[in-house]
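Notes for the one structure printed next.
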Amino acid sequence: MAVTADMVRQLRERTGAGVLECRNALEETGGQIERAVELLRERGLAKAAKKAGRETRQGLVEAYTHGGGRVGALIELNCETDFVARTPQFRELAHDLAMQVVATNPTFMREEDVPAAVLEQEDDHERFLAESVLLRQPFIKNPNVTIGQLITEKIAQMGENIVLRRFARFELGGYTDA
């Protein structure tokens, strides 16, 4: 099947990949858009894994409040260059992550942060981790994708390592002195 410009455009809109990457994926899959989407996703994950060790010293701190200022979150999202930090895609990701923190109130950033003693007290480890670990949570805008997968997809799209460094959630009356 011949690859048309319209097919390349559709694939680009769905994946955010470059024109040449889309054209090559469509040619490899015989013009099947769904298979091409999956192929580009796999390649993007491979690219993201290669970038994982790169240093991230740029980025931004994003604040999000909800409920008339009754609850809010601050997140620090890092990337490799200030150029990427200023892009609308990076800013949207930071906003979405801050909104996620407000909506879901995670306790831990990653699975490794959960103390063994806490995990031992839980009957359903998978459910507990999916609820309390930010990178394991389903994304509120697309529950089929976890926050960790969302960040990995953005790394592949933007071509730079992206690290969610830290987060804090604030709620009026929610402070307790331990």
Side-chain angles (χ1 to χ4, degrees), residues 14-17 33-56 59-80 89-178:
R14 288 190 56 188
T15 64
I33 290 180
E34 291 304 318
R35 284 187 48 214
V37 167
E38 190 58 37
L39 181 64
L40 287 172
R41 182 167 287 128
E42 289 170 9
R43 288 181 180 165
L45 296 178
K47 285 181 186 177
K50 290 179 187 175
K51 295 174 188 326
R54 289 160 63 177
E55 195 169 330
T56 56
L60 56 89
V61 172
E62 177 72 16
Y64 175 79
T65 61
H66 189 75
R70 298 192 59 80
V71 63
L74 285 173
I75 63 121
E76 179 183 351
L77 187 63
N78 297 129
C79 59
E80 296 175 45
Q89 295 91 347
F90 188 82
R91 292 184 177 279
E92 180 183 5
L93 175 61
H95 180 79
D96 286 346
L97 294 174
M99 195 167 44
Q100 177 84 20
V101 170
V102 167
T104 61
N105 194 15
T107 310
F108 307 99
M109 176 77 74
R110 52 192 65 75
E111 206 169 319
E112 306 86 69
D113 299 337
V114 181
V118 171
L119 202 51
E120 288 172 7
Q121 295 174 359
E122 296 299 323
D123 293 332
D124 187 351
H125 289 191
E126 285 303 310
R127 184 188 58 74
F128 173 76
L129 292 172
E131 289 175 0
S132 63
V133 175
L134 180 58
L135 294 178
R136 295 267 316 254
Q137 290 181 340
F139 180 36
I140 57 175
K141 288 185 172 181
N142 179 1
N144 297 324
V145 176
T146 67
I147 294 300
Q149 291 168 332
L150 175 67
I151 292 172
T152 301
E153 287 176 8
K154 296 301 180 181
I155 291 170
Q157 286 177 359
M158 293 184 213
E160 280 197 12
N161 192 18
I162 298 171
V163 175
L164 179 57
R165 185 77 60 210
R166 55 189 165 162
F167 68 89
R169 185 177 185 275
F170 302 90
E171 188 171 350
L172 282 177
Y175 178 76
T176 57
D177 191 11

Between Leu74 and Phe170, is any pair of side-chain heavy atoms under 4.5 Å apart?
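Contact flag for Leu74/Phe170 side chains = yes.
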
Are Leu77 and Ile162 close enough that some pair of their side-chain heavy atoms sits under 4.5 Å apart?
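Side chain of Leu77 against side chain of Ile162, heavy atoms only: contact under 4.5 Å found.
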
Would you give the length of the straight line joining atom [atom1] of [X] to atom [atom2] of [Y], rounded to the nearest 0.5 angstrom?
X      : Y      : atom1 : atom2 : value
Leu164 : Met109 : CG    : CE    : 4.0 Å
Arg91  : Asp96  : CZ    : CG    : 14.0 Å
Glu160 : Lys154 : CD    : NZ    : 14.5 Å

Arg169 and Val71: side-chain contact (heavy atoms from CB on, under 4.5 Å), yes or no, with the steps?
CA-CA 8 Å; Arg169 185 177 185 275; Val71 63; 3.4 Å; yes

Closest heavy-atom pair and its distance - [X], [Y]:
X      : Y      : value
Met158 : Phe90  : CE-N, 3.6 Å
Met99  : Lys141 : CE-CE, 3.4 Å
Leu134 : Ile147 : O-CB, 3.3 Å
Pro106 : Phe167 : O-CE1, 3.6 Å
Ala73  : Ala98  : CB-O, 3.6 Å
Asn161 : Glu80  : N-OE2, 2.6 Å

Any donor-acceptor pair under 3.5 Å from Gln137 side chain to Glu131 backbone
yes

Is it the case that the side chain of Gln100 and the backbone of Phe139 share a donor-acceptor pair, with hydrogens and angles ignored and the cut-off at 3.5 Å?
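Flag not set: sc Gln100 to bb Phe139 has no pair under 3.5 Å.
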
Above 12 or not: heavy atoms from other molecules or residues under 6.0 Å from CZ of Arg165?
yes

Would you say that more than 12 heavy atoms from the other residues, nucleotides or ligands in this model lie under 6.0 Å from the NE2 of His125, or not?
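Result for NE2/His125: enclosed.
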
Let's go through Leu150 and Asn142 carefully: what are the C-alpha distance in whole Å and the side-chain angles of both, what is the deciding distance for side-chain contact (heavy atoms from CB on, under 4.5 Å) to 0.1 Å, and is it a yes or a no?
CA-CA 9 Å; Leu150 175 67; Asn142 179 1; over 6 Å; no

Could you check Arg136 against Thr146 for side-chain contact (heavy atoms from CB on, under 4.5 Å), going step by step and ending with a plain yes or no?
CA-CA 6 Å; Arg136 295 267 316 254; Thr146 67; 5.8 Å; no

Just by distance, with hydrogens left out, do Gln157 and Gln89 show a side-chain donor and acceptor under 3.5 Å apart?
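Looking only at side-chain atoms, Gln89 and Gln157 do not form any donor-acceptor pair under 3.5 Å.
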
How far apart are the C-alpha atoms of Leu119 and Leu129, what are their side-chain angles, what is the distance that settles it, and do they pass the side-chain contact (heavy atoms from CB on, under 4.5 Å) test?
CA-CA 9 Å; Leu119 202 51; Leu129 292 172; 4.2 Å; yes

